[in-house]
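Below: the structure, in C-alpha cells.
In listed order, ligands and their atoms are each counted from 1. Count residues from 1 along the sequence.
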Amino acid sequence: MKHTKSFIPLVAGSWFAMAGTALAAPVEEAELILSRGEIRVPGGWAQALAVRRGVIVAVGEEAAVAAYRGAGTRVIDLAGATVIPGLHDMHIHPTGAGEWQNRCMFPQGSSAKVVQDTVKACVARKGKGAWITGGSWDTASFGKTPPHRQLLDRVAPDNPVILNDISGHSSLANSRALELAGITRDTPDPAGGIIERDASGEATGVLRESAGFAVGRHVPPATPEETLAALKWSLEQMLSFGITAFTDAGTNMAINRAYATLADRGELKQRVRGCTMWAPARLGAEGASLPDPTLTLNQYARGRFKPDCIKLVLDGVPTSGHTAAMVEPYEEALNDKDDVRARGLLMIPAALLNRTVVELDRRGWTVKFHAAGDAAVRAGIDAIEAARKANGYTGLHHNVGHNSFIQPSDLDRAAALGVTFEMSPYIWFHNPIIPDIAKAIGPKRMEHWTPIKGAVDSRALVVPGSDWPVVPSLNPWVAIETAVTRKAPGGVGEELGGAEKVSLEEIYEVFTTNGAEAMDSRHLTGSIETGLLADVLVLDRNIFKIPVTDIHRTRVLTTIIHGEIVYQAQ
Ligand SMILES: [Zn+2]
C-alpha cells in the first residue's frame, strides 16, 4: 500500500500517460467510507475503504482513501473495529426456520416426558382437532421408551400430531395422524421410505424419509402471507449473523414466489440461489423424459434471486433409522428380517440419477445433492462424472451436501471432476444428534466424521452449509471456531473427529472466497478488493487476533450489502 496512486485503474493510468498529463484521474466522491479499522484484504490488512455505487472503489491506508471523501460522503468511524467480507451459507432452509417459530417445539435432547408435556401444552393452546406439528426428538434421548405413537396418543387423543426428529428425515406421528393418512398395518413401505412397525406388526408412528409424506400431505399448508413473513424473519436473522449470500437448499414454487415478491419490494438484500426440491418420484420412471425446470422456475428469477438449482435427495441420515447409504454395513444391526437397511437407503437408482444429472447439467442447472453416507456421496460424484463425460466441463458448481462420510478414493477424484463439497458445521462437534450416529456407525468411522480437512486437502471446492433449522442455529462464528477445534463452542468437552480439524485460514476461505465461487459470483464478492461489491461486515472483534475459543462470541455490528447498510446491532 505504498503507492498512493494504486487505486487508479491500470487502463485509465496508461491512457492519461499517453495523453501526456501528469495529473491523477479526478476522483469521484464516495457515498460511504469506512475509516480507522482493521480491514481484512488478501494478504494483509488495510485501514479504510471507500464505496461508490455499491462497489469498493478504494481500500488501503487512511490518507489514500480520504481522497474519495466529499461533502456528500457518509463516513463511518470504525474506531478500530474489524471488517471482513460477508459470509456464505450454502445450505439453509429459511422459510422452514421462520415457520418453526410458530410450531410445537421442544429443545433438542428432550426426554419422552418433556416431549409429552410440550405436546400437551400445544394441544391446550391450539384446541381440539387442530394439527400439532413440531420437533425435534431423537431416539437416544427417549431412553428406555423408544419413540412410539402411544406416547403422543396419551396427551393428544383427538389432535393429529407429527413431530420431526432432529435430522428432519424421520417423524413420529400419533394414531390420529396415521388414521388421516390411511396408514394401517397393511400399508406397504413406500418407495424411498419406511413405516416402522412393532413386534405385533402395527405401525409405531415412526416414519422414515418418504413415508412421512403421507401424513405431511394432510397438514394445512402455510398461507402465502405466512410464507412471506417466515422468510422475512429468517432473512433478518441471517443479516444479523453476517450471512450476505446463501443457498436455499429446498425451495418449492410457494417459496420461490416468496423470494420473488420480496425482491420486487426491495426487501431481499442477500444474494440467493434457490434449489428446488425434486422428489425422486417426479423424475419419472426409467426411460421417461425429464420435466424441464426452465418451464416453471425462471419466472421467479430476480437480480438477487437465482432459482437455478435443483435439489436431489440421494439418501437419509446415519442415525438409528439407518437411512444414510453406506459403503460398509452399519455397526449395529437392526432386527430387520430381510436386512434391507444393512447399508442404508439409496433413493434414486444409479442409471436414472446419472441420466438426470447429465440432462440438468446440459440445460445449465446446478445440482445440489443431499448425501450423508459415503455410498450416497459416491453416487453423487458418479453422477457429476457422468455429466462431465457427456457434456464436458460446463462450469456448473454441482455440489454434494453434508458428506458425513467420504471414502478416500472419492476424495482423490473429486477435484478433477469439479465436485463441490458442502460441509455441515453444526454436526462437527458434540451435540445431541451425535450419540445416536456414533452408535449406528461405530467408533472407527467416526474418526473421520464430517471430513472437512480431507475435503480441503483434496483441492475440491469446499463450502459451508448450516442446514438451519434442522440444526438449532445458523451462527457462522460457532462454525468457524469449531472447524478449528472440533469441540463444543468455547473449546468445551471432547474432540469429535479431531483428525479433520482445519486451520482458521482454511475455514475463513470456506466461508468467504469459496462460497462466492460456488455461487458463481467470485467476480463480484468473496473478498475486499477494489472493484468488488461492498458486501462487508463490521465485527466487534478481530477473529484472527483472539484465542480461537472466543470466536463463537463474535458479534456483527454492521452488515453491508452492495454498499447499503442492511443490519446494525442495537
Ligand atoms: Zn437441509
Determine, stepwise, if the pair R555 / W477 fulfils side-chain contact (heavy atoms from CB on, under 4.5 Å). CA-CA 8 Å; R555 304 202 61 86; W477 311 104; over 6 Å; no
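Counting just the N/O/S atoms of D467, the one with the shortest distance to the Zn ion (ligand 1) is named OD1. In terms of distance to the Zn ion (ligand 1), the nearest N, O or S atom of H91 is named NE2. Restricting H93 to its N, O or S atoms, the one at the least distance from the Zn ion (ligand 1) is NE2.
Below 30°, between 30° and 60°, or above 60°: for H322 and Y330 the angle between ring planes is below 30°, a parallel geometry. Between H370 and H169, the ring planes are tilted. Angles from 30° to 60° get that label.
Taking every heavy atom of both residues into account, Q407 and D374 meet most closely at NE2-OD2, 2.9 Å.
Residue contact annotation: H402 places no N/O/S atom under 2.8 Å from the Zn ion (ligand 1). The nearest N, O or S atom of H370 is not closer to the Zn ion (ligand 1) than 2.8 Å.
Looking at D248, its side chain never comes within 3.5 Å of a backbone N or O of V272 through a donor-acceptor pair.
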